[in-house]
**Q** 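The structure is given below, and queries will be raised subsequently.
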Amino acid sequence: MTRRRAGRPYDLRHACVSTYLAGGVPSTQCAEWTGHSVAVPHQIYAKVIAGLESAAHQRIEQALDWSEDTDEAK
């Protein structure tokens, strides 16, 4: 990942919101913390959210206590 200095205050805000989302903060919580509507993270930061799909699937499997071993044991 390339790091550069922020040129405008907006760049810092964008980096903060992107970091929240990449860190797994739900978009609803992120919107509340930043004063956005819930639609904003989905419109502006969709690329960050889409990049978390694999992690989301892993959390779902973990929550449901699914594992590959479970299917083989039957």
Side-chain angles (χ1 to χ4, degrees):
M1 181 162 106
T2 304
R3 295 181 188 260
R4 65 180 182 92
R5 286 199 270 173
R8 305 168 291 170
Y10 174 81
D11 294 333
L12 294 173
R13 180 180 177 82
H14 186 80
C16 181
V17 174
S18 296
T19 300
Y20 287 166
L21 293 169
V25 175
S27 58
T28 51
Q29 182 64 61
C30 184
E32 182 180 330
W33 286 346
T34 59
H36 288 145
S37 70
V38 177
V40 170
H42 294 270
Q43 292 170 350
I44 306 299
Y45 304 96
K47 184 176 181 180
V48 175
I49 295 169
L52 302 175
E53 185 175 352
S54 177
H57 285 286
Q58 289 176 345
R59 286 194 302 272
I60 291 167
E61 289 176 5
Q62 189 175 33
L64 296 173
D65 195 28
W66 285 356
S67 69
E68 303 223 358
D69 297 338
T70 304
D71 293 336
E72 293 174 7
K74 291 182 180 179

**Q** To the nearest 0.5 Å, how far apart are CD1 in Ile44 and CG in Leu21?
**A**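 It comes to 12.0 Å.
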**Q** So how far is it from His57 NE2 to Gln62 CD, rounded to the nearest 0.5 Å?
**A**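 CD of Gln62 is found 15.0 Å from NE2 of His57.
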**Q** Using the rule that Ile, Leu, Val, Met, Phe, Trp and Tyr join whenever any side-chain heavy atoms are under 4.5 Å apart, tell me whether Val40 and Val48 fall into a single cluster.
**A**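 Same hydrophobic cluster.
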**Q** Could you tell me the separation between the SG atom of Cys16 and the CH2 atom of Trp33, rounded to the nearest 0.5 Å?
**A**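 Atom-to-atom, Cys16:SG and Trp33:CH2 are 9.0 Å apart.
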**Q** For a side-chain contact (heavy atoms from CB on, under 4.5 Å) check, start with the C-alpha distance between Arg13 and His36, then their side-chain angles and the critical distance, and finish with the verdict.
**A** CA-CA 11 Å; Arg13 180 180 177 82; His36 288 145; 3.1 Å; yes
**Q** For Arg59 and Ser54, indicate whether the former's side chain and the latter's backbone hold a donor-acceptor pair under 3.5 Å.
**A**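 Looks like no, no N/O pair under 3.5 Å.
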**Q** Would you mind reporting whether Ser27 and His42 have side-chain heavy atoms less than 4.5 Å apart?
**A**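 Of all side-chain heavy-atom pairs linking Ser27 with His42, at least one is under 4.5 Å.
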**Q** With the side chain counted from C-beta on, respond yes when Val38 and Glu32 share a heavy-atom pair under 4.5 Å apart, and no when they do not.
**A**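 Val38 vs Glu32: side chains apart.
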**Q** Can you see which heavy atom on Ala31 is nearest to which on Ser37, and at what distance?
**A**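 For Ala31 versus Ser37, the nearest heavy atoms are CB-O, 3.6 Å.
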**Q** Does the side chain of Tyr20 reach to within under 4.5 Å of the side chain of Thr34, using non-hydrogen atoms?
**A**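 In contact.
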**Q** Show the numbers, then the answer: is there a side-chain contact (heavy atoms from CB on, under 4.5 Å) between His14 and Tyr45?
**A** CA-CA 9 Å; His14 186 80; Tyr45 304 96; 2.9 Å; yes
